[in-house]
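Accompanying notes for the structure given below.
Per chain, numbering begins at 1; letters A, B, ... match sequence-line order.
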Amino acid sequence: MDAALALLGLVVLVGLFGACAAFLALAGRAT
Amino acid sequence: VTAVLLTLALTVALSLPLGAYLEAALSGRATQLDRVFGPVERTLYRGFGVDPDRPMGWRAYGAALLATNLALGLAAYAVFLLQGALPLNPDAIPSMSWDLALHTAASFVTNTNQQHYSGQAQLSYLGQLAGVVTLQVVTPAVGLAALLAILRGLMGGATFGPERDERGDRSLGNYFADVTRAVVRVLLPLATVLALLLTWQGVPSTLQGAQVVHPIDVATGLAEQRVPVGPVAPMVAIKQLGTNGGGWYGPNSSVPLENPTPLSNLLQMIAILVVPVSIVWMTGRMTERRFGHMAFVVMATMSAALAAMVIVAERAANTAFTAIAAAGPNWEGKEVRFGVEPSALWATLTTQTSNGSVAAMHDSLTPLGGAVPLIGMLMNETWGGIGVGMINFLIFVLVTVFVAGLMVGRTPEIFQRKLAVSEIRLIAVAMLAPPVLILVPTALALGIDGLAGTTNPGPHGITQVLYEYTSAAANNGSGFEGLGDGTPWWNVSAAVCLILGRFLPILAPLAVAGLLAAKRPAPRTGASLSAASAPFAATVVAVIVVMTLLTYLPGLTLGPLAEHFVSAPAVSVVPAVETP
């Protein structure tokens with residue numbers, strides 16, 4: 001298993017949840 | 001057809017008491033059930049170090065939901081990535097590649113269960129139990145919890161515990177308490193009963209490795225054959241009851257080991273539908289009874305229309321085959337043990353409910369028959385996934401309230417709370433997220449050479465790609481199949497659709513519910529719009545159909561509709577072969 005690719009998958013997964021968290025924060029601020 | 005009607009009648013009959021039970025078990029009010037389940041729940045709260053009585057407003061509720069799902073997703077990713085070196089792997093199954101592990105983790109943490117692998121060959125028992133079955137139990141509870149919070153918000157906030165949280169937001173309940181109750185009081189007891197019934201019917205339920213058998217038919221030339229088994233029955237039980245989908249075996253419930261008898265087929269079809277239907281009754285009990293009746297009538301009407309469409313389409317001959325075969329049902333890809341109609345019914349129920357487990361090859365449905373599961377996923381609210389189906393329905397109800405308000409010149413309101421600009425903006429996000437997540441990657445996959453990996457040219461290939469992204473964004477998980485979808489492009493792009501398609505349509509309505517909870521109830525007058533009348537129900541149906549067609553008709557035209565019209569004339573120039 002390539003550690004760099006495993007890390008890339010981790011970054012994508014965390015990034016997608018981060019995008020959802022950003023939406024939550026944005027919705028909280030806009031309202 | 002008798003089997004179809006029996007399945008639907010039994011499901012509706014069971015859903016009525018189950019809906020009442022769901023309300024009693026999950027509403028948060030004190031009931032006798034606390035005595036039975038309280039000790040188990042308190043042990044879990046202590047184990048995880050959470051306070052089930054802490055009030056949560058919409059922001060705290062949404063943050064807790066995202067944080068716990070991220071933790072579950074990371075744990076599943078690690079298990080899939082390392083399963084080759086971990087225990088409970090008697091068949092020495094290797095670890096997954098990074099992109100397949102990413103897609104599989106995203107797929108199961110979003111209650112989708114889209115599979116770009118074959119379960120029996122690429123998952124160890126630890127991967128199946130810790131990575132898959134655990135998420136199959138927890139993720140439907142997450143959807144149910146989100147619905148409970150939204151319903152409380154629509155009705156003015158939680159009626160138990162402190163009124164506001166630390167941020168000052170009106171309490172919508174407690175996320176951890178809602179998820180725990182859904183798991184302990186609903187999903188685990190139901191899945192245990194169904195797993196025992198399926199084991200009785202012959203579905204494997206063991207931790208032993210693959211069984212080695214010697215084929216009776218010597219003509220096969222095989223000295224021995226390895227038959228993969230495992231704890232299949234518990235997995236099948238929760239995958240059906242939790243609108244999870246997927247399967248222990250790649251071809252899901254068309255494998256006799258996963259679905260051995262007509263009774264196991266009937267039990268699984270009821271299990272696919274019963275909880276989503278019960279949630280409609282639960283919603284009525286938590287809001288207004290007549291609202292629940294309206295929702296049931298709307299969903300049942302559309303569900304029956306979709307079932308009729310796919311059954312009629314599959315009873316006809318495939319137009320591409322009429323030159324070489326006798327007219328009659330389209331048997332290609334069907335589960336021949338159970339027949340064309342039950343296979344067609346399964347195809348539409350599994351896509352109406354966001355389940356996604358299959359019992360026939362959707363790629364082999366007639367062009368118009370194949371459009372039906374696609375439409376079920378595009379609408380994604382009849383009956384939809386556990387909790388999230390009703391959330392999607394509520395989004396359409398709020399749009400209907402807004403449109404109806406515009407038509408009659410009154411401020412739109414629901415459950416005595418007025419909708420304003422902020423709420424409509426958030427509803428627009430929830431409405432627009434799925435089409436963006438479906439249509440943009442479909443266009444990219446089809447527009448860039450070498451990405452799609454379809455096995456068919458022309459309209460059928462377009463349907464294959466559109467179906468895959470629709471299945472991901474709608475968190476359905478069923479496969480049309482015929483795609484080379486084990487590539488980094490497919491795994492990563494589908495993972496994006498899976499996660500954003502799951503959480504944006506949950507978070508936006510949660511924010512709307514939080515905002516509505518903070519509003520003073522408007523006095524009910526004779527001119528107030530009733531969200532439980534027959535005209536309102538008809539308007540909801542019209543809004544759902546028009547919005548879906550406006551958004552997706554171009555895609556449906558290029559895919560299944562074009563295939564239907566292209567394949568039909570071809571037979572007119574080929575002389576028919578007479579059959580004896």
Side-chain angles (χ1 to χ4, degrees), chain A, chain B residues 57-63 65-67 69-71 73-74 76-78 80-82 84-85 94-106 109-110 167 169 420-423 425-426 429 433 488 491-492 495-504 506-508 510-512 514-515 518:
Chain A
M1 184 185 60
D2 189 326
L5 288 175
L7 194 63
L8 177 63
L10 190 72
V11 169
V12 174
L13 193 59
V14 174
L16 287 169
F17 275 95
C20 297
F23 170 74
L24 187 70
L26 204 64
R29 205 172 300 163
T31 53
Chain B
W58 70 271
R59 285 179 287 186
Y61 206 100
L65 188 150
L66 278 181
N69 279 274
L70 172 61
L74 290 174
Y77 180 65
F80 298 141
L81 211 56
L82 301 170
S95 296
M96 284 187 177
S97 65
W98 73 276
D99 53 307
L100 185 58
L102 170 69
H103 176 268
T104 309
V109 86
T110 55
R167 285 190 172 103
D169 291 335
V421 177
S422 300
E423 291 90 43
R425 265 196 210 125
L426 289 161
V429 171
N491 285 329
V492 175
V496 173
C497 296
L498 287 161
I499 291 180
L500 299 184
R502 166 75 164 176
F503 295 107
L504 294 183
I506 285 180
L507 294 174
L510 187 65
V512 171
L515 295 177

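Checking each of A:V12, A:V11, A:L10 against B:L102 for a side chain to side chain contact (heavy atoms under 4.5 Å, CB included) leaves exactly one that passes, namely A:V12.
Residue B:A508 touches chain A through both its backbone and its side chain, counting heavy-atom pairs closer than 4.5 Å. Contact of B:I506 with chain A is not made at all, since no heavy-atom distance falls under 4.5 Å. Of the two parts of B:V109, only the side chain, counted from C-beta on, holds a non-hydrogen atom closer than 4.5 Å to a non-hydrogen atom of chain A. With a 4.5 Å cut-off on non-hydrogen atoms, A:A21 touches chain B through its backbone and its side chain both. In this structure, chain A has heavy atoms under 4.5 Å from both the backbone and the side chain of B:A63. When heavy atoms are compared at a cutoff of 4.5 Å, B:D169 does not approach chain A at all.
Contact record, B:Y77 with A:L5: OH-O, 4.1 Å, taken as the closest heavy-atom pair. Minimum interatomic distance between B:W58 and A:L24 (heavy atoms only, all atoms of both residues): CZ3-CD1, 4.0 Å. Between B:V429 and A:F23, the closest heavy-atom pair is CG1-CE1, 3.6 Å. Residues A:A6 and B:L81 share a closest heavy-atom pair of CB-CD2, 3.5 Å. The shortest non-hydrogen separation linking B:L507 to A:C20 is CD1-O, 3.6 Å.
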So B:D99 and A:L8, side chain to side chain contact (heavy atoms under 4.5 Å, CB included) or not? Walk me through it.
CA-CA 9 Å; B:D99 53 307; A:L8 177 63; over 6 Å; no
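In this structure, the separation between CD1 on B:I499 and CZ on A:F17 is 4.5 Å, given to the nearest 0.5 Å. Between B:F503 atom CZ and A:L16 atom CG the span is 10.0 Å, to the nearest 0.5 Å. To the nearest 0.5 Å, atom CG of residue B:L426 and atom CG of residue A:L26 are 9.5 Å apart.
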